[in-house]
Structures are given as C-alpha cells and as structure tokens.
**Student:** 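Attaching a single structure in structure tokens format; questions to follow.
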Amino acid sequence: MSFFQALLIFLGLSLDSFVVMMNKAATVRNLTIKKSFLFAGIFAIVDVGAILFGYGIASTFKAKLNLESSMGFAALIIFAIGLYITIKAYKSTKLEEVLDKNFGNKRCFLLAMETSLDTLFLGVSLSLIGITLAEGVSMALFVTFVTSMVAQLLGYRHGSTYSKVFGMSGGCLMIVFSLVLMLRFVIQ
C-alpha cells in the first residue's frame with residue numbers, strides 16, 4: 001500500500017475528529033488563532049501518542065503474521081472503524097449550539113483522548129500494512145493538526161451544519177479503502 005493511500009485512510013479517520021472540533025468550535029466564544037493552534041496541537045499530539053501505542057501493540061504480533069493475514073487483519077480493522085464512524089455520523093442529531101464557557105486546554109485534552117481510540121486501532125493497521133512509524137507519526141501530526149484547524153474555523157464561523165456529511169464521508173472513505181485492501185492483497 002502506498003503512502004498516499006494510507007494518507008487518504010488517515011484523512012477519513014481524521015474527519016471524525018474534524019466533526020468533534022467543528023461542533024466544539026460552534027459552542028465557543030472568542031476563538032482566537034492562538035487558541036485554535038493550541039487546541040489543534042493538543043489533538044495532534046494525542047493522536048501521535050495513539051499512533052505510537054498502536055504501533056507498539058502491532059509489534060507484539062506482527063512478526064507472527066504473513067502478508068495476507070496482516071493485510072486482511074488491517075483491512076478488517078479499517079472497515080470496522082469506518083463502519084463505526086459512518087453509523088455514528090448517521091445517527092447523530094442536530095447539535096444544539098449552546099455556549100460552552102468552560103472549554104479550555106484540559107477539556108480539549110479529554111475530548112482528544114475520547115476521539116483517539118480509533119486512531120490507536122488505525123495505528124495497528126498502518127503498522128500491519130507496512131507504513132513506517134515515521135510515516136504514521138507524520139501523518140498523525142500533520143493531518144490531525146490541519147483538519148482540526150479547518151474544523152475550528154468552519155465550526156466557529158458556520159456552526160455545526162455539516163457535521164453529518166463530514167462524518168459519513170470519512171467513514172465511507174475508510175470503508176472503501178478497506179475493501180480495496182481486501183480485494184488487492186487478500187482475495188486477489
């Protein structure tokens with residue numbers, strides 16, 4: 001699997017965090033550039049930690065799997081994450097945009113921790129499909145930071161109108177790439 005394909009899978013995953021940050025920015029007053037950078041940095045660092053942990057988990061059993069098994073297992077993980085994100089987005093209701101006066105670094109960190117579990121599982125998958133640790137970490141850092149910044153800008157200016165569309169798009173993107181992985185490397 002190419003780095004570009006893995007990047008698209010990670011982009012699909014990051015749309016889940018995108019929705020969370022867009023919804024949160026819709027409820028925050030006086031969101032400055034400095035705060036946006038800080039919140040995006042918190043999300044990016046937590047995602048990097050999740051990726052590192054995922055690679056650590058994968059290293060315990062990766063050597064015992066052959067190429068087809070590792071690709072199949074990775075495809076199933078990516079499919080499950082994509083399905084979960086799609087269903088969660090589909091079932092989501094319109095967010096009531098009520099001012100959150102207490103949102104700050106600590107609450108942002110907790111929110112990032114809540115959304116990083118799927119990133120941990122994606123870290124396992126990226127390791128199994130042969131993406132290097134450096135590539136996985138750089139994807140997590142860059143994609144999460146950029147999507148979080150854009151999400152905050154959209155949410156702060158336009159509210160949470162597009163939450164369902166972005167969430168379902170990310171989940172569907174992951175499902176499609178999991179099927180591509182399965183067809184290309186496992187079923188052949």
**Student:** For Lys164, is there any backbone N or O sitting under 3.5 Å from a side-chain donor or acceptor partner on Tyr90?
**Tutor:**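 No; zero donor-acceptor contacts below 3.5 Å.
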**Student:** Should Leu7 and Leu126 be counted in the same cluster of Ile, Leu, Val, Met, Phe, Trp and Tyr side chains packed under 4.5 Å apart?
**Tutor:**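 Looking at the clustering, Leu126 is in the same group as Leu7.
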**Student:** Would you say the side-chain atoms of Gln152 pair up with the backbone N or O of Ala25, donor to acceptor, closer than 3.5 Å?
**Tutor:**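 Here the side-chain-to-backbone pair does not exist.
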**Student:** Do Tyr55 and Phe53 share a hydrophobic cluster, counting only Ile, Leu, Val, Met, Phe, Trp and Tyr and linking them when any side-chain heavy atoms are less than 4.5 Å apart?
**Tutor:**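 Cluster IDs for Tyr55 and Phe53 match.
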**Student:** Quick one: pull up CE in Met22 and OG1 in Thr147 and give me the separation to the nearest 0.5 Å.
**Tutor:**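 Between atom CE of Met22 and atom OG1 of Thr147 there are 11.5 Å.
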**Student:** What distance do Met174 atom CE and Leu11 atom CG have between them, rounded to the nearest 0.5 Å?
**Tutor:** 10.5 Å
**Student:** What's the shortest heavy-atom distance between Val143 and Ser14, and which atoms?
**Tutor:**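 Reported closest heavy-atom pair: CG1-OG, 3.4 Å.
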**Student:** Could you pull out the closest heavy-atom pair between Phe10 and Ile51, with the gap in Å?
**Tutor:** CE1-CD1, 3.7 Å
**Student:** Going from CE on Met71 to OG on Ser125, what distance comes out if it is rounded to the nearest 0.5 angstrom?
**Tutor:**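 Here the interatomic distance stands at 10.5 Å.
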**Student:** Among Ile57, Leu13, Ile77, find the one that has a side chain to side chain contact (heavy atoms under 4.5 Å, CB included) with Phe121.
**Tutor:**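 For Phe121, the side chain to side chain contact (heavy atoms under 4.5 Å, CB included) test succeeds with only one of Ile57, Leu13, Ile77, which is Ile77.
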**Student:** Between Gly54 and Val124, which heavy-atom pair has the shortest distance, and what is it?
**Tutor:**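 That would be O-CG2, 3.3 Å.
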**Student:** Can you name the residues that form a ring pair (Phe, Tyr, Trp, His ring centres under 6.0 Å) with Phe103, not counting sequence neighbours?
**Tutor:**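 Phe103 satisfies ring pair (Phe, Tyr, Trp, His ring centres under 6.0 Å) with Phe39 only.
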**Student:** Does Leu133 form a side-chain contact (heavy atoms from CB on, under 4.5 Å) with Leu52? I'd like the steps, not just the answer.
**Tutor:** CA-CA 8 Å; Leu133 179 61; Leu52 289 170; 3.6 Å; yes
**Student:** Is there a chain of hydrophobic side chains (I, L, V, M, F, W, Y, each step under 4.5 Å between heavy atoms) that links Leu128 to Leu179?
**Tutor:**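 In one cluster: no.
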**Student:** Can you tell me if Glu135 uses its side chain to pair, donor with acceptor, with the backbone of Ile131 under 3.5 Å?
**Tutor:** no
**Student:** Output the rest of the hydrophobic cluster of Phe37: all Ile, Leu, Val, Met, Phe, Trp and Tyr residues reachable through side-chain heavy-atom contacts under 4.5 Å, sorted by chain and number.
**Tutor:**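 When side chains under 4.5 Å apart are linked, the cluster holding Phe37 also contains Ile33, Phe145, Met149.
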**Student:** Looking only at heavy atoms, which two atoms of Ala75 and Leu181 are closest? And how far apart?
**Tutor:**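 Shortest heavy-atom contact: CB-CB, 3.9 Å.
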**Student:** Is the Phe61 ring parallel, tilted or perpendicular to the Phe73 ring (thresholds 30°, 60°)?
**Tutor:**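 Perpendicular.
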**Student:** CZ of Phe79 to OG1 of Thr86: how many Å apart, nearest 0.5 Å?
**Tutor:** 9.0 Å
**Student:** Begin from the C-alpha positions of Thr132 and Phe3 and carry the test side-chain contact (heavy atoms from CB on, under 4.5 Å) through to its verdict.
**Tutor:** CA-CA 9 Å; Thr132 67; Phe3 177 77; over 6 Å; no
**Student:** Ignoring hydrogens and geometry, is there a side-chain-to-backbone donor-acceptor pair from Ser127 to Gly123 under 3.5 Å?
**Tutor:** no
**Student:** Thr115 side chain to Ala112 main-chain N or O, any donor-acceptor pair under 3.5 Å?
**Tutor:**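 Confirmed, Thr115 side chain pairs with Ala112 backbone.
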**Student:** Treating Ser116 as the side-chain partner and Thr119 as the backbone partner, does any N or O pair qualify as donor plus acceptor under 3.5 Å?
**Tutor:**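 Pair absent, no side-chain N/O of Ser116 close to backbone of Thr119.
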**Student:** At their closest point, which heavy atom of Asn23 faces which heavy atom of Ser163, and how far apart are they?
**Tutor:** OD1-OG, 2.5 Å
**Student:** Please answer: with hydrophobic residues joined when any side-chain heavy atoms are less than 4.5 Å apart, are Leu15 and Leu153 in the same cluster?
**Tutor:** no
**Student:** Can you measure from NZ (Lys88) to CG (Leu83) and round to the nearest 0.5 angstrom?
**Tutor:**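 Output value for this atom pair is 12.5 Å.
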**Student:** State the NZ-OG distance between Lys24 and Ser17, to the nearest 0.5 angstrom.
**Tutor:** 14.5 Å
**Student:** Give a yes or no on whether the backbone of Asn30 and the side-chain of Tyr156 come within a donor-acceptor separation of less than 3.5 Å.
**Tutor:** yes
**Student:** Take Leu154 and Phe18, measure what side-chain contact (heavy atoms from CB on, under 4.5 Å) needs, and give me the verdict at the end.
**Tutor:** CA-CA 10 Å; Leu154 278 176; Phe18 182 94; 3.6 Å; yes
**Student:** Looking at every heavy atom in both Asn105 and Leu38, which two are closest together, and how far apart are they?
**Tutor:**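 Looking at all heavy atoms of both residues, the closest pair is OD1-CD2, 2.9 Å.
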**Student:** Are Ile175 and Leu122 in one and the same hydrophobic cluster, where Ile, Leu, Val, Met, Phe, Trp and Tyr link if side-chain heavy atoms are under 4.5 Å apart?
**Tutor:**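 As far as the 4.5 Å side-chain criterion goes, Leu122 and Ile175 are not connected within one cluster.
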